[in-house]
Each structure stands twice: as structure tokens, then as C-alpha cells.
Amino acid sequence: MAVNLPAYERITSELQAYGARLVAVSKIKPASDIMALYKAGQRIFGENYVQELLEKQGQLPADIQWHFIGHLQSNKVKYIAPFVSMIHGVDSTKLLQEISKQGIRAQRQIDCLLQLHIAEEETKFGLDETELNSLLADYTAAPGKFAGVRVCGFMGMATNTDDVAQVSKEFHQLKALFDKVKADYFPSEDAFRELSIGMSGDYKVALEAGGTLVRIGSMLFGARF
Ligand SMILES: *Cc1c(COP(=O)(O)O)cnc(C)c1O
């Protein structure tokens, strides 16, 4: 199926009104689909699988900003550390430390988002508030251990439901937590400003709740089989 360019134009103009940015989620889709959107002006692409990301990164333009949005295993960080533009799903102190280690090795700071568990489903990954607080305590107590990362905000996935009120409530709760953590831990750090919420089905709700990055796949590239 071809890339949906009218949807792309519509979504980017909707995002512009909010000052939000689009992560075009291209997992499972061929490099040719990415090129089609690249030619239309898109530069940020999101991938979920390390091996697939490496293959695509090797064959596509160097100015693409690759965002890793999947569940990242510590032992695979080293493969993407040299080039990844942002890692959305950081859900443990151990993973953040490993990203920092590999960032230092690659002589860069890797932008990261902490993934918070906001959905009702048990299955979705993410930190709860207790885990978040302990991660932030480690982060502030020993900044040297985290010199290779820059924490830029939060990522969350709402409950998979048609209940817009439920989704809206979850996104707003995450935004409130974001504002609190920003004030308590990152008051003077401009880089801490991203809230990655919203996918094809709920990005409008996410924008209303203060999302700055929306991760949209199927609406641009068609369904994944
Ligand atoms: C696949 C995926 C998306 C995109 O989902 P769509 O419903 O296809 O827009 C967004 N975020 C994450 C974390 C994903 O894994």
C-alpha cells in the first residue's frame, strides 16, 4: 500500500497549530515508504526493532532523525548509540545507565524519554511513580553516571480503548506529572520539554493534553500485517 500523503499533509498542519512534532512510525514498512515521506519533507522516523533500524539507517539519507520507540534491551543499546536521535522507551535505571555508558563511548549525549505506565492494561511497559522517583533520585545523586544521556521528558501509551474520556484522563495525568517533575528536577533545563503521547487513534486527544511528539504509523503507512 502506498504512503498516504494527504494524511501526512493534514496531520502536519494539525501539529503545527500545537507546535508539536511528528514521529512517523515506519516499523515493518519498507525503506521505499520512508523515502516517499522523506521526499514530502518528513525527517523524524520511529522504529521499534534494533536490527530493522540498523538496516534502514544504513540505506537511507543521513539527515533522518531516528527515534527508537520500542522496548530496548540493554545488550542492544550499543548498536544504535552512535546515531540514534532519541530513545523513547526508557523504563529502568539500569537501561538509562547503559545508554549513558554507550553514549559516552560514542562521544555524545543521547536524548532519552522516560516511559511511564499510564494505561489500565498490565501488559504495557513503563515506570510507575515509585520507580520514577527512585530513578530520578539516582539521576540527581550521581549525575556522573548519566553523563552520556540527556533526559528530555516522558513517553506514555494510553489504554487501548474507544473511551476518549479515559484516554484523555490518562494523558492529562501524565502531563501533570511531567509538569511536577519539570519543576522539581529540571527547572532550568530547556531540554526537558518533550511529552511523547498519541498514536494514530488518539493523537488529537494527546495534542489537547499537551503532547509535543506524536508517534503515528498506520495512518501514514497503512495497516501493519
Ligand atoms: C507502533 C507504535 C506506534 C504507532 O502506532 P499506530 O497506531 O500505527 O499509529 C506508536 N508508538 C509505539 C510505541 C508503537 O509501538
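First listed ligand is number 1; within each ligand, the first listed atom is number 1. Heads up: numbering here begins at 1 and tracks the sequence.
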Legend entry - Pairs involving residues 142-169, ordered by first then second residue, that meet salt bridge (Lys or Arg N to Asp or Glu O under 4.0 Å) (sequence neighbours left out): D111-R150
Legend entry - Gap between atom NZ of K94 and atom CG of L135 - 0.5 Å precision: 13.0 Å
Inset, instruction - Take the angle between the ring planes of Y139 and F146 and call it parallel below 30°, perpendicular above 60°, tilted in between. - result: tilted
Legend entry - Verdict with reasoning, Q102 to Y79, per side-chain hydrogen bond (donor to acceptor under 3.5 Å, both in side chains): CA-CA 9 Å; Q102 298 301 335; Y79 301 116; over 6 Å; no
N/O to N/O under 3.5 Å, ligand 1 against protein:
from, atom 1, to, atom 2, distance (Å)
ligand 1, 8 (O), S218, N, 2.8
ligand 1, 8 (O), S218, OG, 2.9
ligand 1, 8 (O), R224, NH1, 2.8
ligand 1, 8 (O), R224, NH2, 3.0
ligand 1, 9 (O), S200, N, 3.0
ligand 1, 9 (O), S200, OG, 2.6
ligand 1, 9 (O), G217, N, 2.8
ligand 1, 11 (N), R215, NE, 2.9
ligand 1, 15 (O), K27, NZ, 2.7
ligand 1, 15 (O), N48, ND2, 2.8

Legend entry - Counterpart residues, salt bridge (charged side-chain N to carboxylate O under 4.0 Å, His left out), relative to E131 (two or more places apart): none
Legend entry - Residues in side chain to side chain contact (heavy atoms under 4.5 Å, CB included) contact with T12, at least two apart in sequence or another chain: Y8, E9, L22
